[in-house]
Protein chains: 2
Amino acid sequence: MGNSRVNVRRVAEMAGVSPATVSRVTRGTVPVSPELRERVLRVIEEHGYKPSHFGRALAEQRHGALGLVFPGLSGPYFSELIQGFEAEALETGDSVLVLASHSRADTDATVIDLADRVDGMAIHGGTVSTEAIAKVADQIRVVVMASESGPAQASVSVANDSMKALTRHLLVDHGYRKLAFVGTPDGSPDVTTRWQAFLAAHKAARRKPPAEPVRVGLQQSDGAIAAERLLDGDDRPDAVVCANDETALGLMLSALGRGLRVPQDVAITGFDDMPMAALARPALTTIRQPIRELAATTARLLADPLGQPAGDIVLPTELVLRGSCGCGGAP
Amino acid sequence: MGNSRVNVRRVAEMAGVSPATVSRVTRGTVPVSPELRERVLRVIEEHGYKPSHFGRALAEQRHGALGLVFPGLSGPYFSELIQGFEAEALETGDSVLVLASHSRADTDATVIDLADRVDGMAIHGGTVSTEAIAKVADQIRVVVMASESGPAQASVSVANDSMKALTRHLLVDHGYRKLAFVGTPDGSPDVTTRWQAFLAAHKAARRKPPAEPVRVGLQQSDGAIAAERLLDGDDRPDAVVCANDETALGLMLSALGRGLRVPQDVAITGFDDMPMAALARPALTTIRQPIRELAATTARLLADPLGQPAGDIVLPTELVLRGSCGCGGAP
DNA sequence: ATGTTGACTGAAACCGGTTTCATGAGACCG
DNA sequence: CGGTCTCATGAAACCGGTTTCAGTCAACAT
């Protein structure tokens, strides 16, 4: 097939025009007389000419790609993130370059390296050092997700403080006395904030501070690991607040598998409201966060050539009460 | 900071050499006399020069990026896939450009569009039409994953026929009489093959053909949906064979949530052997497939400039018997 | 009839590297 | 001492578009 053996100059030559005109026709930026336009289009059609991405990128000084950096974790959260981000990027004709691997040691270097292959970069909280972010932001536009903004970059995150309302609900409305928290503060800004809200709610309700968090990751298997530590002993908590739905569901599966009843023997809550949360039995009490929206907003900030509305954008979250915390008639 | 305002010619000028020499120093392809090399390196250091990705890509006719196309699904499977792919790509200095969105309607167009931004493309089975693959393969190297190879592209997949051994185990070793299959054949080549193996095992054991598959997706929530169809009626199956671990775990969670015992009331099996499978209670009987290896092999085929060992590479899988099928002392 | 304006168009510069090719110098061989 | 070979090096071509700048021509106003 007439493939990429032809370039602008060849096309121009064959159409009897200048390369400039060919470019004007393909881009459609400047009017071209119908006659020439027609001639050019015919040649393009016949020879299957397509402007080279290389040449165009060089000339425009634009990669047409956005970077997306996130911790190499499994689960619906990051899938949703990618898709939300990508859908928005496609809107503007950008491609998405992901960085998900994680030796943690050389992540910084890799990210900095990535910086000159993309026009903008979205970095998920808890993946890259502050210095590396600064270096990248020095070169291209950066938006951090689920984290705090910095001097050179905006941020998009969600209202993690709903966790306070959820904790309060468990303590006050249900009267649970002993709550456990599953997740690793410091692991990510999100979890840190949720843990702090958890603490704050205890304080606000004048309860004594809760036990140390069960420091595990954010995957479903981590919920199962947490189950071993929380459910097998004698001092089982009344309710377990998990940093996300994944761990909550892992924990629930383990609890049920041990013959415990949820919420009678142990209440469980999550964070995310992923599809499975509503379908579990009992359905999972959780906090809904707009993941897609988070990603899409980030992509939009990166793509928008207009001024950055600097600072932090915080998307709303919503407490979703279902059976697993003890609410509702049917468990 | 001395940023990208400088280019080869500037550096060359300042170092008192030709651009060619600068290039030779940065690439290290051809020996340069110690003196000049030193001078050039000093200038580079002082002005923070870094070769532009644009210029280099254009000159080398190489993007330094690989494409990865997969269905926009959640879950550990695809996370693992991305990471395995990316880890391998980083090895060779390539970036990874993903396409995960799925309007299905314009996916073909998007994929073809992506083809001239990358040097090679990995396409997951069941995402793109054969014609689109052909078009892309006409332009760049293509490897399909978890699918069959085609005239112009190699493939990497796993031995799905272990599903036959698993089914036989349930029918013969455990003597279950009524098996159900959860998953949508035709949805993806993987599921198709697994379903066929499931059928073949019935035939080989001289059992009457099983019921129609429960046609749901591959996510955990789909397992919960399948549960509604399979577990609530009177004609509950003895054992449910799921197309992957995700759905199996969703189903198990639903079963336990309904007060059913696994495997006594219903046995459940999966496919993948993801981390959660071993940690569930009861632990999940499944088939282990090397997802990372699948992705890494694919990336290697794409990056390797040497001749394509055309045809299909099939990676081995392994039957993993645990409690959920009725094996083992402890459930 | 002449100055002005506006719309198209092409030549040339530009984006930033890499690589071929020719040359000059020094080393080695006879 | 002359011829050949090797090696480092620079000039120039090349990769493939986009855009500025200047110029042509026709329409329009005065």
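The basis for the numbers below is simple: all heavy atoms, side chains too, and nothing from hydrogens, waters or symmetry mates. Residue numbering restarts at 1 for every chain, and letters A, B, ... go by the order of the sequence lines.
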S.K.: When we call it a touch if two heavy atoms are under 4.0 Å apart, what does B/V17 touch: a base, just sugar-phosphate, or nothing?
M.R.: sugar-phosphate
S.K.: Could you state the CZ-P distance from A/R10 to D/dC15, rounded to the nearest angstrom?
M.R.: 12 Å
S.K.: Which pair of heavy atoms, one from B/A152 and one from B/A137, lies closest together, and at what distance?
M.R.: CB-CB, 3.8 Å
S.K.: In whole angstroms, how far is the P atom of C/dG16 from the CD atom of B/Q61?
M.R.: 18 Å
S.K.: For the side chain of B/S147 and the backbone of B/V144, is there at least one donor-acceptor N/O pair under 3.5 Å apart?
M.R.: no
S.K.: Roughly how many Å is it from NE2 in B/H47 to C1' in C/dG16, rounded to a whole number?
M.R.: 18 Å
S.K.: Measure from the side chain of A/V32, starting at C-beta and using heavy atoms only, and say which of D/dT9, D/dG16, C/dT9 lies closest.
M.R.: C/dT9
S.K.: What is the distance, to the nearest angstrom, from the CZ atom on A/R37 to the C1' atom on C/dT9?
M.R.: 14 Å
S.K.: Using atom types as modelled and distance alone, determine if a side-chain donor or acceptor of B/R141 lies under 3.5 Å from a backbone N or O of B/L301.
M.R.: yes
S.K.: What is the distance, to the nearest angstrom, from the CZ atom on A/R117 to the P atom on C/dG16?
M.R.: 18 Å
S.K.: Give me the one residue out of B/L68, B/V96, B/L66, B/I140 that meets side chain to side chain contact (heavy atoms under 4.5 Å, CB included) with B/V118.
M.R.: B/I140
S.K.: How far apart are the closest heavy atoms of A/V69 and A/M121, and which atoms are they?
M.R.: CG2-SD, 3.8 Å
S.K.: To the nearest Å, how far apart are B/E35 CD and D/dT9 P?
M.R.: 8 Å
S.K.: In whole angstrom, what separates B/R9's CZ from C/dC14's P?
M.R.: 11 Å
S.K.: Is a side-chain N or O of A/T192 found less than 3.5 angstrom from the main chain of A/D186, in a donor-acceptor match?
M.R.: yes
S.K.: Rounding to an integer number of Å, can you tell me how far B/L58 CG sits from C/dG17 P?
M.R.: 11 Å
S.K.: For A/D116, is there an ion pair with B/K50 - N to carboxylate O distance below 4.0 angstrom?
M.R.: yes
S.K.: Any carboxylate oxygen within less than 4.0 angstrom of a Lys/Arg side-chain nitrogen, looking at B/R62 and B/D94?
M.R.: yes
S.K.: Are there any protein N/O atoms within less than 3.5 Å of an N/O atom in nucleotides 4-7 of chain C, and if so, which ones and at what distance?
M.R.:
none

S.K.: With a cut-off of less than 4.0 Å, is there a side-chain N or O of B/S18 near OP1 or OP2 of D/dG10?
M.R.: yes
S.K.: Answer with base, sugar-phosphate or nothing: what part of the nucleic acid does B/V22 contact at a heavy-atom distance below 4.0 Å?
M.R.: nothing
S.K.: Using a strict cut-off of less than 4.0 Å between a Lys/Arg side-chain nitrogen and an Asp/Glu carboxylate oxygen, indicate whether B/E46 and B/R42 qualify as a salt bridge.
M.R.: no
S.K.: List the protein contact pattern of nucleotides 19-27 of chain C with one symbol per nucleotide (5' to 3'): B for base contact, S for sugar-phosphate-only contact, - for none; contact means a heavy-atom distance under 4.0 Å.
M.R.: BB-------
